[in-house]
Amino acid sequence: MALQWMILAYVVAAEAAVAVILTLPYPKAVKSRIASLISLILQPSLFIVPFSAFQLLDIYWKNEHRLMCSGETCTAAERDRYERSIYKAQRNVILCAAACMLYWCIYRICKYHKEIQSMEETEKRYKEE
């Protein structure tokens, strides 16, 4: 299970790096090549959305079936273990949400860039006529 979270963490880090690269100011030619390259990569990397959704369902199921540790019956070690598992689950939910949100942001940035390019081409054609 830890391998899945490690993969998700690396994907989120890569998505954050790509989002930063897309938003940096570049010359127009470089920016269009970067955006076109990333838009080619976007469709195969869509796997992250269902993967994150599955991980969220797993977290939800584990949360619903978790043994509650409250009251006098729990030892200090059991209470610490319970709290650590809650914190890990919260961290993992944030990781899944960040993966989906970053993918959506990258998709929208690439789409806006394509729309801007098409508008510029249309404007150029109208000016030539």
Side-chain angles (χ1 to χ4, degrees):
M1 199 54 135
L3 180 64
Q4 293 171 345
W5 295 113
M6 188 178 73
I7 290 169
L8 194 61
Y10 285 140
V11 167
V12 168
E15 284 179 341
V18 166
V20 167
I21 288 171
L22 275 175
T23 56
L24 288 176
Y26 291 113
K28 192 177 273 191
V30 174
K31 184 81 163 179
S32 66
R33 291 188 187 230
I34 289 174
S36 65
L37 175 69
I38 291 174
S39 64
L40 288 174
I41 297 171
L42 274 178
Q43 189 170 2
S45 64
L46 182 63
F47 80 92
I48 197 62
V49 175
F51 184 71
S52 295
F54 175 74
Q55 295 300 327
L56 284 173
L57 285 174
D58 185 47
I59 290 170
Y60 175 76
W61 186 85
K62 285 181 180 178
N63 190 37
E64 288 296 315
H65 295 90
R66 185 184 317 252
L67 295 174
M68 298 300 283
C69 187
S70 60
E72 301 296 322
T73 59
C74 291
T75 64
E78 288 174 341
R79 198 171 299 117
D80 287 342
R81 183 172 179 255
Y82 175 75
E83 288 177 2
R84 270 188 281 132
S85 70
I86 294 294
Y87 292 140
K88 281 184 183 180
Q90 291 171 349
R91 177 199 63 201
N92 293 339
V93 166
I94 291 171
L95 195 61
C96 290
C100 293
M101 193 69 138
L102 281 170
Y103 180 84
W104 180 79
C105 288
I106 292 168
Y107 171 76
R108 293 305 300 175
I109 291 170
C110 287
K111 186 172 179 175
Y112 287 147
H113 186 73
K114 285 180 183 179
E115 289 175 359
I116 289 171
Q117 277 185 332
S118 69
M119 286 180 186
E120 286 175 350
E121 290 172 3
T122 306
E123 180 185 18
K124 191 175 186 181
R125 273 186 284 148
Y126 284 135
K127 283 185 178 180
E128 288 175 357
E129 292 177 359

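- Note on Met6: it clusters hydrophobically with Leu56, by side-chain heavy-atom contacts below 4.5 Å among ILVMFWY residues.
- At least one side-chain heavy atom of Tyr103 sits less than 4.5 Å from a side-chain heavy atom of Leu42.
- For the atom pair CD1 of Ile106 and NZ of Lys111, the computed distance is 16.0 Å after rounding to the nearest 0.5 Å.
- For the residue pair Leu102 and Glu15, the shortest heavy atom distance occurs at CB-OE1, 3.4 Å.
- Nearest heavy atoms, Ser36 versus Ser39: O-OG, 2.8 Å.
- Note: the hydrophobic cluster containing Leu22 also contains Val30 (ILVMFWY, side chain heavy atoms under 4.5 Å, direct or indirect links).
- Of the inter-residue distances, the one linking Leu95 atom CG with Gln90 atom CD reads 13.5 Å to the nearest 0.5 angstrom.
- Comment: Lys28 engages Glu120 in a salt bridge, judged by a side-chain N to carboxylate O separation of less than 4.0 angstrom.
- A donor-acceptor contact shorter than 3.5 Å is absent between the side chain of Lys114 and the backbone of Ile109.
- Atom CZ in Arg81 sits 10.5 Å away from atom OG1 in Thr75 (nearest 0.5 Å).
- Placement of Tyr10 and Val18 within a single hydrophobic cluster is found when ILVMFWY residues are connected by side-chain heavy-atom separations under 4.5 Å, directly or transitively.
- Relative to the six-membered ring of Tyr112, Arg108 meets both conditions, a distance below 6.0 Å and an angle of at most 45° to the axis.
- Atom CD of Glu121 sits about 12.5 Å away from atom CD1 of Ile116, to the nearest 0.5 Å.
- Within the 4.5 Å cutoff, the side chain of Leu37 has no heavy atoms near those of the Arg33 side chain.
- Salt-bridge annotation for Asp80 and Arg84: absent, with no side-chain N of the basic residue lying under 4.0 Å from a carboxylate O of the acidic one.
- Taking every heavy atom of both residues into account, Arg79 and Cys74 meet most closely at NH2-O, 3.3 Å.
- Within the 4.5 Å cutoff, no side-chain heavy atoms of Leu46 are placed close to those of Tyr107.
- The minimum heavy-atom distance between Ala35 and His113, with the atom names listed, is CB-CD2, 3.3 Å.
- Around CZ of Phe54, the count of heavy atoms belonging to other residues, nucleotides or ligands within 6.0 Å does not exceed 12.
- Rounding to the nearest 0.5 Å places NE2 of His65 at 5.5 Å from CH2 of Trp61.
- Cluster membership check: Met101 does not share its hydrophobic cluster with Ile38, using side-chain heavy-atom separations under 4.5 Å among Ile, Leu, Val, Met, Phe, Trp and Tyr.
- Using a 4.5 Å cut-off between side-chain heavy atoms of Ile, Leu, Val, Met, Phe, Trp and Tyr, with links allowed through other members, Ile48 and Ile7 fall into the same hydrophobic cluster.
- Between Phe51 and Phe47, the ring-plane angle classifies as tilted under the 30° and 60° cut-offs.
- Dense packing is recorded around CD of Glu64, with more than 12 heavy atoms of other residues, nucleotides or ligands lying under 6.0 Å away.
- The backbone N or O of Val49 sits nowhere less than 3.5 Å from a side-chain atom of Ser52 that would complete a donor-acceptor pair.
- Taken from CD in Gln55 to CH2 in Trp5, the straight-line distance is 4.5 Å, to the nearest 0.5 Å.
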